[in-house]
Amino acid sequence: MYLRKAESRRTVGAPAKLNLYLEVLGRRDDGYHELETLMVPLRLRDSLSFEPISPTKAGRPGPIHVHVRSAFPLEPSAAQQDVPPAGEQNLVVQALQLLRREGDCLDGARVELVKRIPLAAGLGGGSSDAAAALSLANRAWGLNWDRERLAALAAEVGSDVPFFLARGPAVCRGRGEQVEPLARLFPLHVVIVKPPGGLRTSSVYHALDQSTPAAGHSGHTDRLAGLLQALRRGTWSVLGRWMSNRLQVAAATLSPWVKQAQAAFSQLDFVGHQLAGSGSAYFGVCRHAQHARRLATILTARQLGLVYVTRSC
Ligand code: C5P
């Protein structure tokens with residue numbers, strides 16, 4: 001199938017996510033951790049444009065080119081985790097290669113990725129990019145797999161990738177790949193701060209294993225129920241009481257910044273605040289957009305890192 005460029009190129013947004021609640025229920029035999037987490041997608045998003053490339057005339061697979069550009073400022077001394085990965089290291093490349101192999105297909109792709117979501121921040125940028133690429137390739141390559149089959153493949157790419165395919169708030173379980181979509185929730189206005197250094201997810205889970213016993217934690221069901229009720233009713237006054245992130249203490253053993261952020265956010269009247277996923281970004285929930293802008297201005301002046309004002313969608 002040959003499509004003209006203008007017809008075949010498609011551009012989509014790939015949203016960041018926040019975990020409003022993340023509980024680790026135990027360690028698994030496969031090295032992962034059993035989770036229960038409530039995630040919401042954000043308006044803060046990367047943009048991914050996808051153009052299919054036909055197989056060569058000799059019947060060889062078309063190339064997969066992914067070009068990554070950062071829309072956020074990068075210090076010349078930026079840590080390795082803060083630089084968008086190129087080539088096979090990029091999750092988009094890995095996802096497309098896997099889909100092509102499993103779909104028995106020879107098409108290639110030219111992908112332009114504009115990164116706005118900071119890396120190694122716990123905001124799910126890489127997973128979201130991979131989900132967007134899988135969705136676009138599934139159609140452009142004429143595979144047209146159903147949602148379930150695509151989600152199973154997405155889970156092989158990363159635990160959070162199926163969440164991004166589902167495109168909405170969800171409670172996720174298992175290692176994160178079992179997605180239970182939630183009906184519409186009240187939108188949340190949030191401020192996120194990303195410090196100069198990132199955190200590697202595997203290191204944070206490893207630190208957690210060192211610091212806590214393998215058994216699960218009690219009281220998590222009440223916490224999730226309380227949070228869901230507050231989100232459905234828009235009762236911000238109790239939201240902070242139910243928010244939690246089991247990875248925060250572990251992340252704080254790896255980066256002194258986590259405690260600095262916690263202290264800075266505690267001085268302001270956020271509805272609730274905590275580490276974003278496995279970090280290193282930290283976020284606070286606000287009552288409305290103006291409240292978020294006001295608190296963001298104060299945090300910007302403190303020069304803790306890059307400050308983002310956004311909302312859930
Ligand atoms: O699935 P993903 O590749 O995003 O996971 C990155 C790392 O995070 C894993 O290699 C593992 O160390 C850790 N992880 C975990 N339990 C989960 C999800 C991730 O231990 N549920």
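One-based numbering, in listed order, for ligands and for the atoms of each. Numbers for residues simply follow the sequence, beginning at 1.
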TODO: Report, in ascending order of atom number, the atoms of ligand 1 lying under 4.0 Å from any heavy atom of His33.
DONE: 15 (C), 16 (N), 17 (C), 20 (O), 21 (N)
TODO: Give me the ring orientation class for Tyr282 and Trp257: parallel if the planes are under 30° apart, tilted from 30 to 60°, perpendicular past 60°.
DONE: perpendicular
TODO: Determine the interplanar angle of the His273 and Phe265 rings, folded into 0 to 90°, and report it as parallel if under 30°, tilted if 30 to 60°, perpendicular if over 60°.
DONE: tilted
Task: Basic-acidic side-chain contact under 4.0 Å: Asp269, Arg294 - done: yes
Task: Tyr205 and ligand 1 - part of the residue with a heavy-atom distance under 4.0 Å - done: side chain
TODO: Output the list of atoms in ligand 1 that are nearer than 4.0 Å to some heavy atom of Tyr32, sorted by atom number.
DONE: 1 (O), 5 (O), 9 (C), 14 (N), 15 (C), 16 (N), 17 (C), 18 (C), 19 (C), 20 (O)
Open item on the list: Using heavy atoms and a 4.0 Å limit, tell me yes or no: is Ser278 in contact with ligand 1?
Closed with: no
Task: contact_flag Leu35 ligand 1 heavy-atom lt 4.0 Å - done: yes
- [ ] May I ask you to decide whether Arg27 forms a salt bridge with Asp209, counting only side-chain N to carboxylate O separations under 4.0 Å?
- [x] yes
Task: Ion pair Glu23/Arg223, N-O distance below 4.0 Å - done: no
Task: For atom 1 (O) of ligand 1, closest protein heavy-atom neighbour - done: Ser159 OG, 2.5 Å
Open item on the list: Whether the Arg175 and Ser159 side chains hold a donor-acceptor pair (N or O, under 3.5 Å, no angle test) is what I'd like checked.
Closed with: yes
Open item on the list: Using a strict threshold of under 4.0 Å (side-chain N to carboxylate O), is an ion pair present between Asp46 and Arg116?
Closed with: no
TODO: Check whether any N or O atom of Thr201, backbone or side chain, sits under 3.5 Å from an N or O atom of ligand 1, and answer yes or no.
DONE: no
- [ ] Heavy-atom contacts with Gly31 under 4.0 Å: which atoms of ligand 1 show up? List them by number with element.
- [x] 20 (O)
TODO: Kindly confirm or rule out an N or O of Asp160 lying under 3.5 angstrom from an N or O of ligand 1.
DONE: no
